[in-house]
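In the text below, chain A, chain B and the rest are named by the order of the sequence lines, each starting its count at 1.
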Amino acid sequence: MDRERAEAIVDRIRRIPEGMVTTYGELDPAAPRFAGNVVAHCPPGVPWHRVVRADGSLAQGERQRRLLEQEDVPFNGSRVDLAEALVPGEELARISLD
DNA sequence: GTGATGACGGAAA
DNA sequence: CTTTCCGCCATCA
């Protein structure tokens with residue numbers, strides 16, 4: 001199985017800084033569906049709430065909304081303000097885990 | 001092996 | 001702006 005790819009995606013999610021978010025498409029542009037499946041199966045301790053849809057809408061509705069608001073993620077109505085909080089995949093690769 | 005499904009994305013209407 | 005439809009990769013029945 002492609003545990004390698006899944007692990008790589010999870011690894012990127014871990015690098016998302018607090019108050020920022022990324023999209024499934026940025027995690028794996030070639031297979032956003034797979035990314036979603038990975039996030040859905042992600043192990044505990046992973047900030048999955050920082051992963052939103054390409055248009056900034058939330059996949060887990062209110063539950064996710066609360067976690068994001070809690071980290072001061074900028075919202076634009078009921079969607080995340082990607083212009084301010086989106087972290088491109090390239091940036092994720094450069095950010096360190098701390 | 002075939003077909004349906006998903007925490008998706010983008011284009012078209 | 002919203003809704004609809006098709007395409008994408010991998011997993012599961």
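- Atom CD of A:Gln60 and atom C1' of B:dC8 are 13 Å apart (whole Å).
- Each of B:dG9, B:dA7, C:dC9 was ranked by its minimum atom distance to the side chain of A:Arg5; first place goes to C:dC9.
- Proximity note for A:Ala31 (side chain, C-beta onward) versus B:dA7, C:dC9, B:dG9: the nearest is C:dC9.
- When rounded to the nearest whole Å, the span between CD1 of A:Ile13 and C1' of B:dC8 equals 14 Å.
- The nearest whole Å value for the distance from the CG atom in A:Asn37 to the P atom in C:dT11 is 8 Å.
- Between A:Arg79 and A:Pro32, it is A:Arg79 whose nearest contact on DNA chain C lies nearer the 5' terminus.
- Here A:Leu92 contributes atom CG and A:Arg94 contributes atom CZ; the two are 11.0 Å apart, rounded to the nearest 0.5 Å.
- Listed for the A:Glu91 side chain is no donor-acceptor partner under 3.5 Å among the backbone atoms of A:Leu86.
- Atom-to-atom, CG of A:Leu58 to C1' of B:dG9 comes out at 16 Å; the value is rounded to the nearest Å.
- Checked by atom type and distance alone, the side chain of A:Gln60 never pairs as donor or acceptor with a backbone atom of A:His49 at under 3.5 Å.
- Using a 4.0 Å heavy-atom cutoff across all strands shown, A:Arg33 reaches at least one base atom of the nucleic acid.
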Fill in: side chain to side chain contact (heavy atoms under 4.5 Å, CB included) assessment of A:Ile95 paired with A:Val87
CA-CA 10 Å; A:Ile95 300 173; A:Val87 180; 4.1 Å; yes

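- In this structure, A:Glu26 places its CD atom 9 Å from P of B:dG10, rounding to the nearest Å.
- For the pair A:Trp48 CH2 and B:dC8 P, the computed distance is 13 Å after rounding to whole Å.
- Each of A:His41 and A:Ala30 has a nearest nucleotide on DNA chain C; the 5'-most of these lies closest to A:Ala30.
- To the nearest 0.5 Å, atoms CD1 (A:Ile16) and CG (A:Leu27) are separated by 6.0 Å.
- For A:Ile16 and B:dA7, the CD1 to C1' distance is 13 Å, given to the nearest whole Å.
- For A:Phe34, counting side-chain heavy atoms from C-beta on, the closest listed nucleotide (C:dA10, B:dA7, B:dC8) is C:dA10.
- For A:Ala54, the listed nucleotide lying nearest its side chain is B:dG9; candidates were B:dC8, B:dG6, B:dG9.
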